[in-house]
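Model, not experiment: these values are computed from the prediction. Just so we're on the same page: letters track the sequence lines, and every chain starts at 1.
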Amino acid sequence: MEKRVVFRNPVLPYLLLAPQIAITLIFFIWPASQALYQSLLQQDPFGLRTTFVWADNFIDLFSQADYLNSLQVTTVFSISVAVLALSSALYLAVQADRVLKGAMAYRTLLIWPYAVAPVVAGVLWLFLFNPTLGIAAYWLRELGYDWNHTLNGGQAMTLVVVAATWKQISYNFLFFLAGMQAIPRSLIEAAAIDGAGPVRRFWTIVFPLLTPTTFFLLVINIVYAFFDTFGIIHSVTEGGPAGATNILVYKVFRDGFLNLDLGGSATQSVVLMTIVIAFTVIQFRYVERKVHY
Amino acid sequence: MRHFKMVAATLAVSALAVLGSAGTASAKTQIQWWHAMGGALGERVEEITANFNRSQSEYELISTFKGNYSETMTAGIAAFRAGKQPHILQVFEVGTATMMAAKGAIKPVYELMAEAGVPFNTGDYLGAVAGYYTTTDGKMLSMPFNSSTPIIFYNKEAFKKAGLDPNKPPKTWPEVGEYGAKIVAAGYPCGFSTAWQSWVHLENFSAWHDVPFGTKENGFAGADTEFAFNGPLQVKHIQQLADWQKDKIFVYGGRRNLGNVKFTSGECGMYTESSAGYGGFKAGAKFEFGMANLPYWPDAAGAPQNTIIGGSSLWVLAGSKPEEYKGVAAFFNFLSLPMVQAYWHANTGYVPITTGAYDLMTKLKFYDDNPGRDIPILQLGAKAPTANSKGLRFGNFAQTRDVIYEELEAIWAGQKTAQQGLDAAVERGNAILRKFEKSQN
């Protein structure tokens, strides 16, 4: 017979839940609904005149070629960052897991970039690749490659992807390493006795057992690429050249906070929110099925 | 220069002695000023603030640095929405139309001065400066503060190496092309580059050649204006710059003034930048450089007309007490004093805002000791402004500048021709104007 524990007091469970619900309401539902409401308005910056315009802002938004371009740019950027950050962190974690001497120092060093703020990370990479002063740009030129990300959209994209990836690798690395160390040694040893080489062992044992971690990181990385990278974009390219790195969240920031187009900016953040919610639902609904817990 | 600084300092000190009664009144009325002047400029602002506070005993001016121009404006607006606005807010010139449209949020300067009973004559201010912040019927809405205009800087050493006369800067764009080619031939990687591509090569370019940047007197005559910077002259100029890239006569240096390093590092022989860039070049360049008027196209009928300003002005926000506004008026009066302006002009690259200050500087032989420092003033006042050269007044213009940056970059990268890029920028800019117009009704 199933054993159930039930609260006798009917109010107590609600009381216990209240803090969590209050936090959700105040920090998520309230601002989100404000954004939703704001997206239906057209307002001057000072809030002196407000008109309810129904879906005008949305129609405006999707009729802009540069917004559609921004969607495309965001897709390329997010996928590149997520794939690169996950795969390189996994590679580093596998290597770190095998290191016997100085493992501590090696791991600590790999974790450092996570402590760097996005804007600072951006500035760091910008210094390296500044077409006039950057040392990396200088080396590239010595090799006969003309580096000028202020005009070449492909190079600008590469630069922000690398900077955003570099910052996220540490986080992924930590989780992968922890996940790997949780895999029972006996399984790997048994496979080794059966004659499986390191590569085979990785793909048949380690990787499947890491899927919960990988899945979690995939969700986190997509959210990171969508929301947390605008500091990097702001300090490195400001969305340029010619909109080549103008990702959605950066456009929201620029139109709302720099250009004071509140309605338009709120509209964009509603669209962005919808996209990320949709992504997360899809990931949980379909990708999670392939996860072995 | 040193000699002049001494004079200015002496003047400032004696001004204080005359004005200052250093009272110890216990309840001073506090005036809040939010500004966007960081670094060395911020120190100058602090000095002006301290001098004003020492000059009288009724008011205490508190100046606070709020970040760059955009951040300061955003902070001021957010504070207004929360009912905690400062009395004075520094707003950059592209925010002018937005501020003007915010009736109910601002207190016009002419009204403020009249109510406070402070003598105030718009005619005392340099026309090219005051005009930008004045209504079509001559009422000044905000107080000009830091104003500059674009000029061309050139590397005298590079000129010598290229066999050019270092005392003969280029006057016209064809000459820039010719000199640029010679500089590149002399081994420099770049002939010419620019800061503020939209402000210099479209906004000022249009005024300097007396062609419209937008309809309705560049927006001065109404919010139902449209952009017109895709005219034949602008297209010709931008296309010429794009074509010059092949021979490195023109090299794009990045948005805003990120390209300044191309001049100070000696990479580019010529560079168009705000006159306010003077201080940075003086400190950063390890070679002798000269300054000259912004070049023009000799075959353009109206050129050279006059250039327009950039920089910012001080807006008074609505919702404070009358006695506080009296303090603001007293400060604006102080700020307009010739010696205060002379001090500001001499220690920054900005122009003085009053004719009195300019006369004072001339009398002190400042321009004899510092050749080239009067170029921006003369260029701004070269001719009486026309409908095309009074300034710009477009709603949400900061957003349009972003659009122009994007389209110009597409042109520099060869993805679009000048005509295509400018047409696209005009079309996208017009959509922004219509949206702004709609939000005003």
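- Contacts between A:Leu41 and chain B at a heavy-atom distance below 4.5 Å are absent for every atom of the residue.
- To the nearest 0.5 Å, atoms CG (A:Asp261) and CZ (B:Phe436) are separated by 11.0 Å.
- Distance check, rounded to the nearest 0.5 Å: CD1 of B:Ile106 to CZ of A:Phe46 gives 8.0 Å.
- The local environment of CD in A:Gln72 is sparse, with at most 12 non-hydrogen atoms from other residues, nucleotides or ligands closer than 6.0 Å.
- When the options B:Ser193, B:Ser265, B:Cys268 are evaluated for a side chain to side chain contact (heavy atoms under 4.5 Å, CB included) with A:Thr132, the one that passes is B:Ser265.
- The closest side-chain heavy-atom distance from B:Thr74 to A:Leu260 is below 4.5 Å.
- Using a 4.5 Å cut-off between heavy atoms, A:Leu126 does not touch chain B at all.
- Your options are B:Gly254, B:Ala413, B:Ala102, B:Ser70, and the one with the most heavy-atom pairs under 4.5 Å with chain A is B:Ala102.
- Counting heavy atoms of neighbouring residues, nucleotides and ligands inside a 6.0 Å radius, atom CZ of A:Phe52 exceeds 12 of them.
- Identified by a heavy-atom distance below 4.5 Å to chain A, the contributing residues of residues 420-434 of chain B are B:Arg428, in residue-number order.
- Nearest heavy-atom pair, A:Ala242 versus B:Ala410, reported as atom, atom and distance to 0.1 Å: CB-N, 3.7 Å.
- Residue contact with chain A, scored on non-hydrogen atoms closer than 4.5 Å, involves the side chain of B:Gln415 exclusively.
- When every heavy atom of B:Asn396 is checked against every heavy atom of A:Asn259, the shortest pair comes out as OD1-O, 3.9 Å.
- In this structure, CG on A:Asp56 lies 4.5 Å from NZ on B:Lys438, to the nearest 0.5 angstrom.
- Contact annotation for residues 75-97 of chain B against chain A (heavy-atom separation below 4.5 Å, listed by residue number): B:Ile77, B:Phe80, B:Arg81.
- At a 4.5 Å heavy-atom cutoff, A:Asn152 makes no contact with chain B through either its backbone or its side chain.
- The 12-atom threshold is exceeded at CZ of B:Phe65, counting heavy atoms of other residues, nucleotides or ligands nearer than 6.0 Å.
- Closest heavy-atom contact between B:Ala105 and A:Leu48: CB-CD1, 3.9 Å.
- Around the CZ atom of A:Phe227, the shell of radius 6.0 Å holds more than 12 heavy atoms that belong to other residues, nucleotides or ligands.
- Note that the CG atom of A:Leu151 and the OH atom of B:Tyr252 stand 6.5 Å from one another [nearest 0.5 Å].
- Counted within 6.0 Å of CZ on B:Phe287, heavy atoms from surrounding residues, nucleotides or ligands total more than 12; the atom is thus considered enclosed.
- Taking B:Lys262 as the reference, B:Glu267 meet the salt bridge (charged side-chain N to carboxylate O under 4.0 Å, His left out) condition, with sequence neighbours excluded.
- Proximity to chain A is absent for every atom of B:Lys416, based on heavy atoms less than 4.5 angstrom apart.
- By the neighbour-count criterion of 12 heavy atoms within 6.0 Å, atom CZ of A:Phe279 is sparsely surrounded, having that number or fewer from other residues, nucleotides or ligands.
- Contacts between residues 397-409 of chain B and chain A, defined by a heavy-atom separation under 4.5 Å, are made by B:Ala398, B:Gln399, B:Asp402, B:Glu406, B:Glu409.
- Counting heavy-atom pairs closer than 4.5 Å to chain A, the top residue among B:Val261, B:Leu258, B:Asn68 is B:Val261.
- Interface check for chain B: of the options A:His149, A:Gln64, A:Arg254, the most heavy-atom pairs under 4.5 Å are formed by A:Arg254.
- Smallest separation of non-hydrogen atoms from A:Gln42 and B:Lys435: NE2-CE, 3.6 Å.
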